Each structure stands twice: as structure tokens, then as C-alpha cells.
Amino acid sequence: MLDGRYVADHLEQVRAGLGRRSEDAAASLDDAGELFARRRELIRTTETLQARRNAESQSMGQLAKAGDKAALEARRAELKVLSDEIKLLEQQLAEVERSVEERLLGVPNLPHPSVPDGHGEADNQVLRTWGEAPAFDFEPRPHWDVGAALGILDFARASRLSGARFSVLFGQGARLERALISFMLDLHTREHGYTEVYTPYLVRAEALRGTGQLPKFEADLFKTHRSDPDDPGALYLIPTAEVPVTNLHATEILEGRALPIAYVAYTPCFRSEAGSYGKDVRGLIRQHQFDKVELVRFVQPEQALEELERLTSHAETVLQKLGLHYRVSALCAGDLGFASQKTYDLEVWLPSQGAFREISSCSSFGEFQARRAQIRYRDEAKGRPKLVATLNGSGLAVGRTLVAILEQCQQADGSVLIPEALRDAMGTDRIVPG
RNA sequence: GGAGACGUGACCGAGUGGUCGAAGGUGCAUGAUUGGAAAUCAUGUGUACCUGCAAGGGUACCGAGGGUUCGAAUCCCUCCGUCUCCGCCA
């Protein structure tokens with residue numbers, strides 16, 4: 001969420017910044033100016049009357065002691081009128097506050113000035129490419145064929161259980177998934193200084209509001225209910241560990257010297273992917289349930305950008321250690337996620353598609369999430385609490401990593417060579433059919 | 001699922017209708033004392049918003065939201081959370 005006061009005072013500037021995303025984004029601020037002005041005016045009149053009521057109510061106590069019943073009654077009737085007036089104003093104010101809040105919650109983050117211009121995927125800037133595409137003396141097969149031939153990947157049975165966009169892993173496939181999770185967690189905790197956390201997979205709406213999924217993107221989520229489908233206390237399945245991990249410190253005031261705080265969490269992720277019909281219908285790329293190891297950092301706002309570089313390099317290290325060919329691009333303003341001020345995508349090479357596909361998305365959110373979730377820090381003992389900046393990135397999407405291994409490491413004989421880094425955990429250097 | 005207890009500031013803990021943003025203690029900060037430290041003493045120490053160049057002034061907040069009242073941390077209702085016992089369960 002943007003700072004309401006900043007928005008009110010810099011309306012045109014903010015509108016221009018949001019315009020870099022899209023016209024819709026800029027339009028999300030329409031009539032915000034009037035709303036803010038109305039809010040201010042209401043606060044002023046309400047508080048003036050409240051001050052008067054407080055002063056006069058106090059004198060009532062003394063009047064009561066004096067014992068003049070008639071005077072007391074007369075006074076009480078007068079104050080009743082004032083009190084009713086205040087209640088009316090308070091209601092109006094609450095309503096305006098709600099509208100302001102509602103408006104603000106629907107406004108996306110301002111793109112950072114360093115974010116390239118552009119409207120969509122095509123305008124993203126490729127910054128660097130690592131490694132080389134493996135050369136094949138045969139036609140590389142898609143991972144679903146590789147997996148099926150090895151007997152480790154099964155979509156038909158998953159569909160019998162849960163419908164489309166689910167999968168079952170067997171044998172070395174399941175083990176590879178687990179090995180990848182451990183590998184990533186170990187790497188980030190041992191070499192990159194992250195603290196591992198294990199979180200709930202079901203969260204309240206409040207948490208999703210904190211990170212920005214709600215109220216706008218409810219359709220992408222799985223919502224649970226016990227008996228009443230409209231239960232306001234209903235829990236949602238997390239779409240990413242970003243939600244529980246970032247909200248870990250919601251409403252807290254952190255010690256300035258504790259920053260940066262770095263967490264890594266493995267969780268399954270659940271997405272209803274509304275609106276993705278027809279995209280990536282085959283294979284593991286787009287599933288309702290997938291595993292992800294997520295990196296989250298809480299930092300001082302001035303350091304957000306350099307921290308984003310650091311976070312991105314941590315995610316990249318995973319791909320490098322696995323020897324997977326990938327590239328890094330900076331998302332253009334039009335392709336930025338709702339809450340992000342700047343994002344780097346890591347895209348891994350999929351030979352069967354002859355294309356790079358997203359395997360990690362590393363973003364700085366600036367104070368956007370911290371303002372929603374009220375995550376603050378105090379610099380020195382005396383200083384005012386300030387909002388932190390939050391960052392997160394996949395480190396990595398486990399299912400897509402498994403896809404990349406099956407595709408990049410496939411051999412002519414149908415086997416798959418296991419990257420060095422995973423061989424101990426896999427107990428073998430290759431997955432063979434059978 | 002059943003029965004009960006409870007939610008006050010960084011923490012502990014008073015406070016059952018009026019001058020309570022809230023006693024007291026601990027912690028923390030600054031100063032005094034000291035060769036230095038401990039101990040001691042003094043002072044200070046919440047958040048948000050409105051207003052003001054500033055100093056300052058004002059309003060709200062005692063789990064959350066409603067209600068009663070001229071006036072609510074204190075009374076009533078709903079919700080959320082925590083704890084204890086029983087049941088069930090991995």
C-alpha cells in the first residue's frame with residue numbers, strides 16, 4: 001500500500017509513476033484527491049467537537065458534586081445533543097476512512113525509477129545469461145515424456161485423485177523433489193545466512209492482505225471453509241511462502257540492529273490460477289499445487305535495491321550449483337507484480353520448448369507490504385519507528401527445477417544424469433528407466 | 001467437541017464509571033557519583049492521525065468490533081486469541 005499522505009500531496013506524480021504500469025493502474029487513483037480532502041475536513045471538525053465534549057463532560061463531575069440537580073439535568077440534555085452530533089460525524093469519518101483504505105489497497109506499488117519502461121513480457125530486459133544450452137544429438141523430449149518413460153511422473157493418476165493440474169511423483173522422482181528441497185534449504189542456511197522457518201500452510205485473509213494478494217486477487221486463491229462458506233474467519237491455502245513468512249513480523253517493531261532479517265522456508269504452494277486456461281496445460285509448469293523454497297528479507301528501506309541484488313544472487317547460486325543454463329531479466333514496468341517496485345526473473349532453459357521459462361522471481365516491495373502488514377523497525381532507542389522494506393524471491397520453484405533437470409540432463413538412452421550437487425542425496429548419478 | 005479462566009504500555013503488574021495514556025516495578029536512555037564498573041540518586045522513556053515554520057496544541061487507542069452513558073480500561077453484546085481440565089486424534 002502506498003502512503004496515503006504522500007499520495008494526497010503528490011497526486012500527479014504518483015499517477016504518472018503508476019501510468020508506467022498501465023492506464024488502469026493510474027486510473028486506480030481517480031477521485032482519490034477528493035476523498036483525502038474530505039477525510040481531512042471530517043477529522044478536523046470531529047476532533048474540535050470531541051475536544052469540547054471532553055472538556056464539558058469533565059465539568060459535569062464537579063457539577064454533580066455541587067448538587068444542583070436542575071442545572072445538571074439541563075447540562076446533560078445539552079451535551080446529549082453534542083454527543084449525538086459527534087457520533088454522526090464519527091460514523092461519517094469511519095466510512096471515509098474505509099473508502100480511503102479500500103482505494104489505497106487496490107493501488108499497485110510504484111515502479112522504481114530503475115525499472116525499464118514497457119507494457120509486457122516482450123519489453124523485459126535480459127541482463128545476463130549463465131551457462132550454455134546443452135547440445136543434443138537427438139530431439140530433446142519434453143519433461144512429461146522423459147518422466148513418464150522413467151516411470152517417475154504420473155498425471156493420469158493425479159487427475160483421478162484431484163483433477164487437472166496435479167501430479168504424482170514416484171520413486172526417484174519423489175526422491176529428487178525431496179533432494180532438491182533439502183539442497184536448497186541447506187545452501188541458503190549454510191552459505192547465505194538464512195534462518196529456516198516452517199510455517200502454517202493455511203492463513204487468514206489478513207495475512208494475504210499484508211502481502212498484497214487480497215483484496216484484489218482472491219480468484220487466484222484456494223479458500224477453505226468449515227461449515228459456513230461465507231465464514232469471515234475462513235482460511236486460505238497459501239499461494240507462496242511469502243505470505244506466512246513476510247507476515248511473521250506483522251504489527252511488530254523490530255530492533256534496527258536485527259536487520260537485515262533473512263528467512264528461508266520450504267512450503268507447498270496452492271494456486272487456482274484463474275485465467276490461465278489453455279496455458280501450459282501439459283506437464284509440471286503450471287500446477288494447482290507445487291513446492292517452493294522461498295527467500296524473504298526484511299531490510300532498511302535505503303538498502304532495498306542492493307538487497308535485491310544480493311537476494312537474486314542467492315537464487316542464482318542454486319541454478320549454478322545445479323549446472324542449469326539460465327538467464328536473468330529485469331521486468332519492465334508493465335509486467336511488474338502488483339506489490340513489487342522492482343523484479344528480476346530467473347528463467348531456466350527448457351530445450352523441448354526452445355525457450356527460457358521462469359523459475360524464480362525476485363522482488364523488492366519497498367515499504368509497500370510493510371505498510372499493509374505494519375512491519376516497522378526502530379533505529380536507535382529514541383528514533384521514531386520506521387517501515388522496513390521487504391523482499392522475496394523463489395530459491396527456487398522446486399517443480400520447475402525438477403522439470404529443468406529432466407529436460408537439460410536427459411540422455412539419448414532415456415536416462416537422466418543427476419547434477420553433482422544432488423548425487424549424495426539421490427544415492428545415484430543417474431535415473432534410469434525401470 | 002464439552003467445561004472453565006483470562007486478554008492493560010518493551011516486560012511484569014495496579015486500576016470496576018469522571019481530572020487515567022493509564023499507579024508501581026523491571027528494562028532502556030541521559031546525567032550525577034566512581035580511577036573504572038557495580039550499587040545508588042535524578043530526569044526521561046508508547047503508537048497513529050489532525051494542526052503548526054517550530055516550540056507546541058488537539059484527537060483516538062487498555063485484544064478487535066459494536067452498544068449503554070453527558071462521560072467507558074472500567075457496564076452490556078459479538079468476534080478473535082491465550083491458558084487449564086475432559087473427550088478425540090497424528
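Residue numbers begin at 1 in each chain, while the letters A, B, ... track the order of the sequences. Quick caveat: nothing in here was measured; it's all calculated off a predicted structure.
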Problem - Backbone N/O of A:G334 and side chain of A:H119: donor-acceptor pair under 3.5 Å - result: no
Practice task
Using the C1' atom as the reference point in each nucleotide, state the distance between B:rG1 and B:rC70 in Å, no decimals.
Solution key: 47 Å
Problem - Gap in Å between the two P atoms, one belonging to B:rC12 and one to B:rU30, rounded - result: 25 Å
Between side-chain atoms of residues 418-425 of chain A and protein atoms elsewhere (two or more places apart, or another chain), which donor-acceptor pairs fall under 3.5 Å?
from   : atom 1 : to     : atom 2 : distance (Å)
A:E420 : OE2    : A:R423 : NH1    : 3.3
A:R423 : NE     : A:I418 : O      : 2.7
A:R423 : NH2    : A:I418 : O      : 2.9

Practice task
Would you please confirm or rule out a distance under 4.0 Å between OP1 or OP2 of B:rG71 and any side-chain N or O of A:N54?
Solution key: no
Practice task
Return yes if a side-chain donor-acceptor contact under 3.5 Å exists between A:Q320 and A:Y326, otherwise no.
Solution key: yes
Could you list, one pair per line, each protein nitrogen or oxygen that sits under 3.5 Å from a nitrogen or oxygen of nucleotides 47-49 of chain B, together with the distance?
from   : atom 1 : to     : atom 2 : distance (Å)
B:rU47 : OP1    : A:R378 : NH1    : 2.9
B:rU47 : OP2    : A:R384 : NH1    : 3.4
B:rU47 : O3'    : A:R376 : NH1    : 3.0
B:rA48 : OP1    : A:R376 : NH1    : 3.4
B:rC49 : O3'    : A:R39  : NH2    : 3.4

Problem - Whole-Å P distance, B:rG46 and B:rA23 - result: 11 Å
Exercise for the section: Return the orientation label for the A:F338 and A:F368 ring planes: parallel under 30°, perpendicular over 60°, tilted otherwise. Expected result: perpendicular
Problem - Distance in angstrom units between A:E252 CD and B:rG46 C1', rounded - result: 16 Å
Practice task
Using heavy atoms and a sub-4.0 Å distance, could you list which residues of residues 83-95 of chain A are near RNA chain B? By number, please.
Solution key: A:S83, A:K87
Exercise for the section: Measure from CD on A:E78 to C1' on B:rG71 and round the result to the nearest Å. Expected result: 15 Å
Problem - Separation of atom CZ in A:R76 from atom P in B:rU68, rounded to whole Å - result: 16 Å
Practice task
Considering just the side-chain nitrogens and oxygens of A:R98, establish if one lies under 4.0 Å of OP1 or OP2 belonging to B:rG65.
Solution key: no
Practice task
Please determine, by modelled atom types, if A:Q172 and A:T428 share a side-chain donor-acceptor pair under 3.5 angstrom.
Solution key: no
Problem - Which residue lies more 5' along RNA chain B, comparing A:Q58 with A:A51 via nearest heavy atoms - result: A:Q58
Exercise for the section: With sequence neighbours excluded, give me every side-chain hydrogen bond (donor to acceptor under 3.5 Å, both in side chains) pair touching residues 251-262 of chain A. Expected result: A:H249-A:E252
Practice task
Could you tell me whether A:R75 contacts a base, only the sugar-phosphate backbone, or nothing, with contacts defined as non-hydrogen atoms closer than 4.0 Å?
Solution key: nothing
Practice task
Keeping to residues at least two apart or across chains, list the side-chain hydrogen bond (donor to acceptor under 3.5 Å, both in side chains) pairs with something in residues 152-161 of chain A.
Solution key: A:D154-A:R157
Exercise for the section: Could you verify whether a donor N or O on one side chain and an acceptor N or O on the other, from A:T45 and A:T48, lie under 3.5 Å apart? Expected result: no
Problem - Length of the CZ-C1' vector between A:R53 and B:rC70, whole Å - result: 9 Å
Practice task
Looking at every strand, decide which applies to A:R44 at a 4.0 Å heavy-atom threshold: base, sugar-phosphate, or nothing.
Solution key: sugar-phosphate
Problem - Side-chain N or O of A:R204 closer than 4.0 Å to phosphate OP1/OP2 of B:rC80 - result: no
Handout entry: Distance between C1' atoms of B:rA90 and B:rC79 (Å, rounded)
Key = 30 Å
Practice task
Determine the Euclidean distance between corresponding C1' atoms of B:rA37 and B:rA32; express it in Å to zero decimal places.
Solution key: 15 Å
Problem - Interatomic distance at P, B:rC61 relative to B:rG2, whole Å - result: 34 Å
Handout entry: Intra- and inter-strand pairs of RNA chain B in dot-bracket (Watson-Crick or G-U wobble, both distances under 3.5 Å; | for another strand)
Key = ((((((((.[[[..)..(.....]]]((((((.......))))))((((((....)))))).[[[[[..)....]]]]])))))))....
Exercise for the section: Taking atom types as modelled, find out whether A:H143 and A:E407 have a side-chain donor-acceptor pair closer than 3.5 angstrom. Expected result: yes
Problem - Polar contact flag, side-chain donor to acceptor under 3.5 angstrom, A:Y194-A:R297 - result: yes
Exercise for the section: Check the side chains of A:E196 and A:Y263 for a donor-acceptor pair under 3.5 angstrom, ignoring hydrogens and angles. Expected result: no
Exercise for the section: Would you please classify the geometry between the A:H10 ring and the A:Y6 ring as parallel, tilted or perpendicular, with 30° and 60° separating the classes? Expected result: parallel
Exercise for the section: Using the C1' atom on both, measure B:rA14 against B:rG81 and round to a whole Å. Expected result: 23 Å
Problem - Atom P, compared across B:rU8 and B:rU82: separation rounded to whole Å - result: 14 Å
Practice task
Consider only side-chain N and O atoms of A:K342 and A:S363, and report whether a donor and an acceptor are under 3.5 Å apart.
Solution key: no
Practice task
Provide, to the nearest angstrom, the distance between the CD atom belonging to A:E255 and the P atom belonging to B:rC28.
Solution key: 12 Å
